[in-house]
Structures are given as structure tokens and as C-alpha cells.
Amino acid sequence: DIQMTQSPSTLSASVGDRVTITCRASQSISSWLAWYQQKPGKAPKLLIYKASTLESGVPSRFSGSGSGTEFTLSISSLQPDDFATYYCQQYNSYPPTFGGGTKVEIK
Amino acid sequence: EVQLLDSGGGLEQPGGSLRLSCAASGFTFSSSAMSWVRQVPGMGLEWVSTISANGGSTYYADSVKGRFTISRDTSKSTLYLQMNSLRAEDTAVYYCARAATYNSGWWDFQHWGQGTLVSVSS
């Protein structure tokens, strides 16, 4: 199985900060990567697919980049609604696998 | 609006069975692959199973293969997960999800149900 490693596991930031989360795959996954946002007690929400394509309705302050084994999710200006846990997921190979998550906390 | 309504969770003893359901609306159910993803409270996400749009292909994580069965009823727009021989390590919130299939052959998860909690304990 492909291992997905996210860093950092926790990130403390302030409203208005630019935030970057990294996801690394144990082998190349081309651009077959999705990012999800999850708030406490809620289901995950798809933010980005194919590494950089924004899901409909997702604010443009979110962006994704990367290919191969290294990917990033960026939030250009952190908003109060963005404090959550973020997960990456690869779908290049079977079985699909998720990263361990990055919790974005209020500084 | 896409809606997925998960149900069927509860407390079950080790070795017991449960059947989860997911009622879908707001999209063409018969055209979408569907999946189950689980999450131990406070932990990360784990893909469990996927069924193709026509129901002809099913896929399972090694951790549940041989114990869980995914199925779908197009007439009811409902997805199911039959869970047998339950173990303590199956304790988790189970989410149904609408899966999008890509040229890679595999899936991301476009829409999610609210989740249903399965607890396995004596």
C-alpha cells in the first residue's frame, strides 16, 4: 500500500496567515491526490482533487500543488472557518489511502 | 443537493453482525460508485469498501475482507454494508461516500454522509 505522510501534524496559526500543509507519498502517485477538510463531529469535505483542481464552491483562498511524491495544500489568508483538520488521499493505486491529518489550530 | 443519510450503527458484541444503510438523493445513484470510509474517534480516515456504479465490482480493505459485504439497491437509491464477525477494532464512525472514478481506476470521495457510529464491545 502507498503510505501518505502529512506534515506538520499540528499547525498553530492566526487569522490572516498564509498556511501550507505538505503531503508526501511513499511512491509516485502522479497527480492523483485529493485534499479534505474535517471539522469536529462532521464528515470530511472534498476541497481539491487531481492535486490542484478546486472542488465547486470551495473558496479560492485554498489551492493545491505538486505531483509525483510531494504535494502541498495552501490557504492564502486563514479565516475563522478554516480551523479544522485536513487530510490528503491518494487514488493512484489500490487501495486508496489517507494521510494522518494536519490539525490547524488557532494561535 | 446531494444528500447521503447513514444509519444502522450501534453497540454490538464481538462476533456479532450489523447492517449499515445509506439513503442517497440529489444525484443519479445508478451512475455513481459508492464507498464506505471509517474513522476511529479522534483518529484518521480508513477506506473500507467500494462498489461500482452497476454493482458488478466490489472492493474491500484487507482488514474487512471476508467479513464485510457491500451492496446497493438502485430501486431504493440505498447503499448497504453488511458487517459480520465484528471485532473491537471495527469500532469507528462509518461514512458512506459518493466516489468519483478517475483514469487511474480508483476513487476520491466527492460527497459524504453524516456518519454512523459502530461500537463493538462485550
Side-chain angles (χ1 to χ4, degrees), chain A residues 1-10 21 23 25 27-58 64 67-68 71 73 84-103, chain B residues 1-7 9 22 24 26-27 32-52 57-65 68 70 92-117:
Chain A
D1 298 2
I2 294 178
Q3 307 303 314
M4 305 300 293
T5 303
Q6 288 183 235
S7 60
S9 55
T10 305
I21 298 168
C23 178
Q27 62 190 75
S28 177
I29 59 170
S30 185
S31 295
W32 302 116
L33 184 98
W35 288 98
Y36 302 87
Q37 176 193 67
Q38 187 179 33
K39 297 180 180 179
K42 300 295 186 182
K45 173 188 173 183
L46 178 65
L47 297 176
I48 287 170
Y49 60 97
K50 282 195 286 186
S52 61
T53 303
L54 209 62
E55 175 72 348
S56 175
V58 174
S67 65
F71 302 84
L73 172 69
T85 300
Y86 295 84
Y87 293 94
C88 61
Q89 178 235 328
Q90 69 82 19
Y91 47 102
N92 179 79
S93 302
Y94 179 82
T97 48
F98 292 87
T102 295
K103 185 176 183 180
Chain B
E1 180 191 3
V2 172
Q3 289 196 337
L4 298 170
L5 186 61
D6 303 321
S7 62
C22 171
F27 65 100
S32 291
M34 298 293 296
S35 299
W36 291 96
V37 178
R38 69 184 181 184
Q39 184 174 38
V40 174
M43 303 295 283
L45 299 164
E46 179 189 17
W47 169 78
V48 172
S49 182
T50 296
I51 187 167
S52 61
S57 298
T58 56
Y59 307 85
Y60 299 94
D62 286 346
S63 56
V64 307
K65 198 174 296 181
F68 291 9
I70 192 170
V93 175
Y94 285 72
Y95 297 100
C96 75
R98 181 187 181 192
T101 307
Y102 292 87
N103 289 341
S104 66
W106 312 115
W107 327 279
D108 68 15
F109 308 106
Q110 291 179 311
H111 302 100
W112 298 64
Q114 84 286 2
T116 186
L117 177 62

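Convention: sequence-line order gives letters A, B, ...; per-chain numbering from 1. In this text the structure is predicted, and so the values were computed from the model without any measurement.
If you measure heavy-atom distances from A/Y87 to chain B, the contacts under 4.5 Å come from the side chain alone. B/Y60 touches chain A through its backbone: at least one of N, CA, C or O sits under 4.5 Å from a heavy atom, while the side chain does not. Of the two parts of B/D6, neither the backbone nor the side chain holds a non-hydrogen atom closer than 4.5 Å to a non-hydrogen atom of chain A. Both the backbone and the side chain of B/F109 come within less than 4.5 Å of a heavy atom in chain A. Contact annotation for B/V93: neither backbone nor side-chain heavy atoms come within less than 4.5 Å of a heavy atom of chain A.
Contact count against chain B (heavy-atom pairs under 4.5 Å) is highest for A/P96 among A/P96, A/P40, A/G101, A/S93.
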Test log, rule side-chain contact (heavy atoms from CB on, under 4.5 Å), inputs A/K42 and B/Q114: CA-CA 7 Å; A/K42 300 295 186 182; B/Q114 84 286 2; over 6 Å; no
Begin from the C-alpha positions of B/W112 and A/K45 and carry the test side-chain contact (heavy atoms from CB on, under 4.5 Å) through to its verdict. CA-CA 7 Å; B/W112 298 64; A/K45 173 188 173 183; over 6 Å; no
Criterion side-chain contact (heavy atoms from CB on, under 4.5 Å) on A/Q89 and B/D108, from CA distance to verdict: CA-CA 8 Å; A/Q89 178 235 328; B/D108 68 15; 3.6 Å; yes
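When all heavy atoms are compared, the tightest approach of B/G113 to A/A43 is O-CB, 3.1 Å.
Inspection of the B/Q110 and A/E55 side chains reveals no N or O donor paired with an N or O acceptor under 3.5 Å.
In this structure, B/Y102 and A/K50 have side chains that are in contact, with non-hydrogen atoms separated by less than 4.5 Å.
Ring-plane geometry between B/W47 and A/Y94 is classed as perpendicular, the angle between the planes exceeding 60 degrees on a 0 to 90 degree scale with a lower cut at 30.
Remark: A/T85 OG1 to B/L45 CG distance equals 9.5 Å, nearest 0.5 Å.
Using a 4.5 Å heavy-atom cut-off against chain B, the contacting residues of residues 28-36 of chain A are A/W32, A/A34, A/Y36.
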